[in-house]
Every structure is written in structure tokens, then in C-alpha cells.
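Reckoned from all heavy atoms, side chains included, excluding hydrogens, waters and symmetry mates. As the structure lists them, so they are numbered: ligands from 1, and atoms in each ligand from 1.
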Amino acid sequence: MTAFGYSRWAALATALANTGPRQRHADLLRAPGDLAALLRAHDEPEPVEVDGADLRDALAARDAFTAVFDARDEAALAERLNAMLAGNARPRLVAHAGVPLHLHVDPPGASWGGWLAASGAMGLALLVAEHGAHVLGRCAAEDCRDALLRTGAGPTRRFCSGTCASRVRVAAHRAAARQGRRGSPAAS
Ligand SMILES: [Zn+2]
């Protein structure tokens, strides 16, 4: 998968979903500049010019992606992704000068939010078709719950980051130590 293939679209959809307000951070998508920064952080080539309509559509796409990651089972997940594709996607091969034929998923003239909805839904749908529905998950840290993609080899990824993994490990260790003190013979 290349940097400009569907894995990047899926990563963008996941990052967009994770801009929503959480226990650990406020809403990260409050201004058009926030959306431009998100796109640039995912290697979107210039020009990245974002206005209020782009932001509004991106927030609608964020709600839809959040619902996809929150789907309780495979049927609901497929239904939500299919609705996003039906509402936003018009896949077509495009050639720009000097760029080989490649796939655009959004309709011509779509806003950045429309592009995110269409390309992100296609990226997630292709990952689900390739790896299964478990590829879409959420961080096991109760105070995080960020959306994550389980595309790597090896054991099922539980945490969004090393930060969350070690925070939960330290908390569990402290809880066990407290438990140990309480249960120690010194108390009797
Ligand atoms: Zn996390």
C-alpha cells in the first residue's frame, strides 16, 4: 500500500474521528485551520485551503465515522459504512498531468469534508473487506477510547499508543500494590 493509497484514507478517517472532545482533550476541530493542519499532518499535498463549509462537512463526516467505530456488530458497521459510501462516494479513475491514473472517490467539486467522507469511507471499507471487521477498534484505555486500526501483524492491538498502554499498565500495577498492602498480614 502506497502513501497515497487507501490506507492513508483510512488513517485520515480515524484521525478525524479522534478529533472529537474526549476525557483527555477538548474538541480538536474548532476552526478551518485545525482541519488544514490535520490534512497536512497526513501528507495531503498543497494547496490545502480550508473554509467554514469544509469544516462543517468535516464535522458531519466525523460524526459518521464515530458511529462506524461505535457500531456494536458487523451488520451495523457495514450498514453505516455503506450509507457513507452511498451518500458521498463516486469512484473514478483520474489522470492529472504527470500523475499516472489513480482513483478519486469523491464527486468532482466536493468540499474537504466531502472528500474525507468519501475517501475515508472507501478506505475503511477496503480495510474491513481485507482484514475483517475487527480491524476497526477502540483504545482499551477507559479514559481514551480513541478509534484505532488493527492492520499490523501480531497480537490484536489494544491501545492507540504506547502512552495509553503504559498509563494503563502503571495504573494496574499501582492498584495491585494497593490490593497487596490491604491484604498483607500487617493488617491482622
Ligand atoms: Zn489510547
Peer 1: Which pairs would a plain distance check flag for residues 134-141, meaning a side-chain donor or acceptor within less than 3.5 Å of a matching protein atom at least two apart in sequence or in another chain?
Peer 2:
unit_1: R138; atom_1: NE; unit_2: D70; atom_2: OD1; d: 2.7
unit_1: R138; atom_1: NH1; unit_2: R145; atom_2: O; d: 2.8
unit_1: R138; atom_1: NH2; unit_2: D70; atom_2: OD1; d: 3.0

Peer 1: Sequence neighbours excluded, which residues qualify as salt bridge (Lys or Arg N to Asp or Glu O under 4.0 Å) partners of D27?
Peer 2: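 Per chain and number, D27 pairs via salt bridge (Lys or Arg N to Asp or Glu O under 4.0 Å) with R62.
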
Peer 1: With sequence neighbours excluded, what pairs up with R22 under the salt bridge (Lys or Arg N to Asp or Glu O under 4.0 Å) test?
Peer 2: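 So R22 forms a salt bridge (Lys or Arg N to Asp or Glu O under 4.0 Å) with D146.
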
Peer 1: When you measure from the side chain of H42 to the backbone N and O of L38, does any donor-acceptor pair fall under 3.5 Å?
Peer 2: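 Present.
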
Peer 1: Tell me whether D57 contacts the main-chain N or O of D54 through its side chain, where contact means a donor paired with an acceptor under 3.5 Å.
Peer 2: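 Between the backbone of D54 and the side chain of D57 there is no qualifying donor-acceptor contact (under 3.5 Å).
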
Peer 1: Taking the side chain as everything from C-beta on, heavy atoms only, tell me whether D143 gets closer than 4.5 Å to R167.
Peer 2: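 With C-beta onward as the side chain, the pair touches.
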
Peer 1: Using a cut-off of 2.8 Å, count how many protein N, O or S atoms are strictly closer to the Zn ion (ligand 1).
Peer 2: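 There are 4 of them.
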
